[in-house]
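A short worksheet on the structure shown next.
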Amino acid sequence: AVVVVAVVLIVSLDTCSSSAPSLQKPNIIIFFGDDWGYGDLGANWNGSQGLTPNLDKLANSGIRFTDFHVAASVCTPSRAGLLTGRLGLRTGVVRNFGPSSLFGLPLNESTIAEFLKAKTNYRTGMIGKWHLGTANGHHPIHRGFDSYVGVPYSIDMGCGATPTITFAPNNATDNSTLCPRCPYDGEKPPILPPDTHCGRSCGCADFDIGVPVFKNETIIAQPMDLDKLSGVYMKAAAEFIETSVALGNPFFLYYAASHTHVPQNVGPEWKEYAPFQGALREMDAEAGNVVNTLTQLGVADNTLILVTGDNGPWECKCSLTGSHGPYKGQWQKDQDGGSSSKTTLWEGGHRVVGLAHWPAGITNPRVSSALVSSLDYMPTIASLVGASLPTDREFDGKDISHILMSDSDEGHNTLYHPLSGACGSGSIMAMRYGSYKAHWVTGGAKSCNSGQSKCVQHDTPLIFDLSKDVAETKPMSTKEAEPIAKIMTQLRQSLLHNISNTAHSYANYQTGAAGEAANCCNAKNVACACNGTETLHSYLKPNYL
């Protein structure tokens with residue numbers, strides 16, 4: 001009984017908040033990459049040096065976290081966790097939504113934007129990939145954002161106005177891997193081959209709908225010319241920041257880039273590079289565009305920029321994917337093969353880039369080993385703006401403003417990782433306790449040129465000591481791990497008990513024509529194509545074509 005009480009205390013203490021020192025309320029920007037591995041930042045990994053100069057500048061003049069994690073290792077649940085500060089078992093969001101989803105992030109869950117609109121005078125904007133539903137009140141404009149420019153889901157969930165590369169070639173210059181442009185002139189959709197690397201029946205994904213770009217609730221282009229998508233984002237970011245500064249409001253901008261997810265179409269400046277490298281360089285240019293705009297308007301010093309990504313690299317995409325750096329999940333590779341990145345519980349799936357840059361607030365720029373998470377964004381932002389979090393629900397993140405504004409590197413003691421597609425969705429099957437990492441499930445994801453690794457459940461979890469073995473190569477012996485495994489099992493059980501006995505939501509994953517219609521400009525056309533070309537062209541002039 002004493003042990004159980006101690007476990008409950010550990011769980012509650014790890015989620016409590018502290019108050020930030022008094023300072024003028026900062027502007028806040030979250031810059032969020034897509035399928036962007038820990039090793040795809042020059043400041044993190046020698047193999048990426050020279051590819052991310054703008055992001056490296058932020059890393060070298062702010063805080064670069066080496067133990068930063070996301071709420072899940074796949075798109076939608078990761079984004080829901082970032083915006084709510086709550087794990088998927090609490091929000092109900094445990095897998096991806098798509099073009100035909102009728103619902104999205106449950107409406108009784110509060111996003112950072114909704115929280116700021118209710119409690120402060122912040123102006124809120126979103127740019128980029130949403131992936132939390134658009135139909136029936138789930139569109140970003142109905143979830144707290146004053147303005148929105150972006151795509152409703154992943155850019156491989158549809159066809160583009162020009163050919164795209166969404167297969168996983170060994171040689172990315174092989175034109176046979178190109179997906180053709182949308183069939184928006186009335187021709188029949190082509191018969192498309194499968195993506196055998198990732199186990200997809202159609203290598204061009206949802207080819208029956210063009211990728212749409214929204215400006216607020218209006219589709220301004222469908223199908224989108226994905227070569228120009230980063231230009232749209234950069235234009236929108238500059239507009240939002242300029243308008244906010246002119247109005248005199250502090251602002252919150254959630255910038256969810258579409259890079260480096262496939263397809264990796266880029267503007268002309270980046271076409272000389274291989275697809276992944278070009279996409280990474282263009283995403284870095286997007287970050288540079290944001291910083292340049294802030295600097296030109298004189299608001300860079302009091303703008304907090306938080307940088308991370310939704311999950312690690314999508315390994316089965318071969319040369320179209322990035323690097324997890326030292327977080328190899330080597331035990332998985334040695335045992336059964338398969339991926340140890342996106343969708344998995346290995347470090348390469350959920351340990352990602354984590355940066356914080358805020359000249360006026362960060363007193364000690366440094367490399368921090370604090371154990372922190374994207375779940376911490378909501379509680380930290382609440383502290384920085386001087387507003388109280390809702391008391392009718394539990395939060396899995398904690399206020400880390402003390403790390404930003406002092407020399408402290410005290411983060412979480414425990415952190416929980418849900419299944420994210422490999423072997424299931426939502427259940428907590430891995431966790432951190434100090435430097436120890438437990439796995440109750442392994443396997444289940446494909447890597448490049450590999451078969452499907454088997455899902456294996458471990459009644460006694462595998463325990464790795466990450467202070468000695470970041471590559472997760474060899475678990476501790478059963479005898480050595482036994483007392484640690486017992487504590488971690490009790491902590492996990494306590495968390496699950498807490499979730500089941502506190503407020504939690506249920507996401508509706510129903511799909512249908514009405515859901516697809518919410519993302520369709522012209523239902524009479526086979527690819528929903530509409531004449532948005534002039535609107536888009538006008539929007540991009542003069543500097544972003």
Side-chain angles (χ1 to χ4, degrees), residues 26-45 48-65 125-129 149-150 226-245 251-261 264-310 322 352-360 362 365 540 542-545:
N27 305 308
I28 301 165
I29 297 175
I30 296 174
F31 188 89
F32 199 53
D34 198 353
D35 287 3
W36 183 30
Y38 179 93
D40 298 321
L41 177 76
N44 278 353
W45 194 240
S48 295
Q49 294 221 345
L51 300 180
T52 55
N54 293 294
L55 289 161
D56 290 344
K57 286 179 184 177
L58 295 178
N60 295 331
S61 56
I63 298 177
R64 177 168 67 87
F65 294 103
M126 190 200 161
I127 291 163
K129 175 180 168 181
V149 174
L226 295 176
D227 290 6
K228 297 185 172 74
L229 187 58
S230 285
V232 172
Y233 292 174
M234 287 192 278
K235 170 76 169 179
E239 277 186 352
F240 174 80
I241 296 169
E242 288 165 359
T243 301
S244 299
V245 171
F251 62 83
F252 167 64
L253 174 60
Y254 172 43
Y255 190 131
S258 289
H259 288 322
T260 55
H261 200 291
Q264 289 153 355
N265 290 49
V266 294
E269 186 176 353
W270 314 106
K271 287 189 179 294
E272 65 182 281
Y273 302 102
F276 178 82
Q277 191 179 105
L280 180 59
R281 287 174 181 270
E282 188 169 59
M283 185 181 77
D284 180 74
E286 292 178 49
N289 175 70
V290 169
V291 174
N292 289 341
T293 303
L294 295 170
T295 302
Q296 290 166 9
L297 295 171
V299 296
D301 278 357
N302 198 34
T303 298
L304 169 62
I305 304 176
L306 300 166
V307 179
T308 189
D310 63 346
V352 296
V353 171
L355 307 177
H357 183 270
W358 181 20
I362 293 176
L540 287 173
N543 297 319
Y544 292 90
L545 278 173

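Along the sequence shown, residues carry numbers from 1.
Distance check: D310 CG to D35 CG gives 5.5 Å after rounding to the nearest 0.5 Å. Atom-to-atom distance recorded for E269:CD and E282:CD is 8.5 Å, nearest 0.5 angstrom. The CG atom of L55 sits 6.0 Å away from the CZ atom of F31 when rounded to the nearest 0.5 Å. Rounded to the nearest 0.5 Å, atoms CD (Q264) and CZ (F276) are 6.5 Å apart. Note that the CG atom of L304 and the CZ atom of F252 stand 10.5 Å from one another [nearest 0.5 Å]. A distance of 7.5 Å separates CZ of R281 from CD of E272, quoted to the nearest 0.5 Å.
The main-chain N or O of L280 is never found under 3.5 Å from a side-chain atom of T260 such that the two would form a donor-acceptor pair. Side-chain atoms of E286 never come within 3.5 Å of backbone atoms of S230 as a donor-acceptor pair (strictly under, hydrogens ignored).
Between F240 and F251, the ring-plane angle classifies as perpendicular under the 30° and 60° cut-offs. Classified by interplanar angle (parallel below 30°, tilted 30° to 60°, perpendicular above 60°), the ring pair Y233/Y255 is perpendicular.
The side-chain heavy atoms of P26 and N302, taken from C-beta on, include a pair separated by under 4.5 Å. Looking only at side-chain heavy atoms (C-beta outward), F65 and L355 stay at 4.5 Å or farther from each other. Counting only heavy atoms from C-beta outward, the side chains of L294 and N27 never approach each other to under 4.5 Å. The shortest side-chain heavy-atom distance between V353 and N44 falls under the 4.5 Å cut-off. Taking 4.5 Å as the limit, every side-chain heavy atom of H357 sits out of range of all side-chain heavy atoms of V307. In this structure, the side chains of W45 and Y38 stay at 4.5 Å or more apart for every pair of heavy atoms. The shortest distance between side-chain heavy atoms of V291 and N54 does not fall below 4.5 Å.
For the pairing with D34, the side chain to side chain donor-acceptor pair (under 3.5 Å) check across H259, K129, H261 returns one residue only, K129.
Of all heavy-atom pairs between I127 and A236, the closest is CD1-C, 3.6 Å. Nearest heavy atom pair, residue G33 against residue M283, reads CA-SD, 3.9 Å. Here the shortest heavy-atom pairing between V290 and A237 reads CG2-CB, 4.2 Å. Between W270 and A285, the shortest heavy-atom contact is CZ2-CB, 3.7 Å. Closest of all the heavy-atom pairs between G42 and T52 is N-OG1, 2.9 Å. When all heavy atoms of S258 and L229 are compared, the closest pair comes out as OG-CD2, 3.7 Å.
Every residue was checked against the salt bridge (Lys or Arg N to Asp or Glu O under 4.0 Å) condition with D284, not counting sequence neighbours, and none meets it. Applying the side chain to side chain donor-acceptor pair (under 3.5 Å) test to K57 and every residue at least two apart in sequence or in another chain returns nothing.
Residues W358 and D301 bring no donor and acceptor atom of their side chains to less than 3.5 Å of each other.
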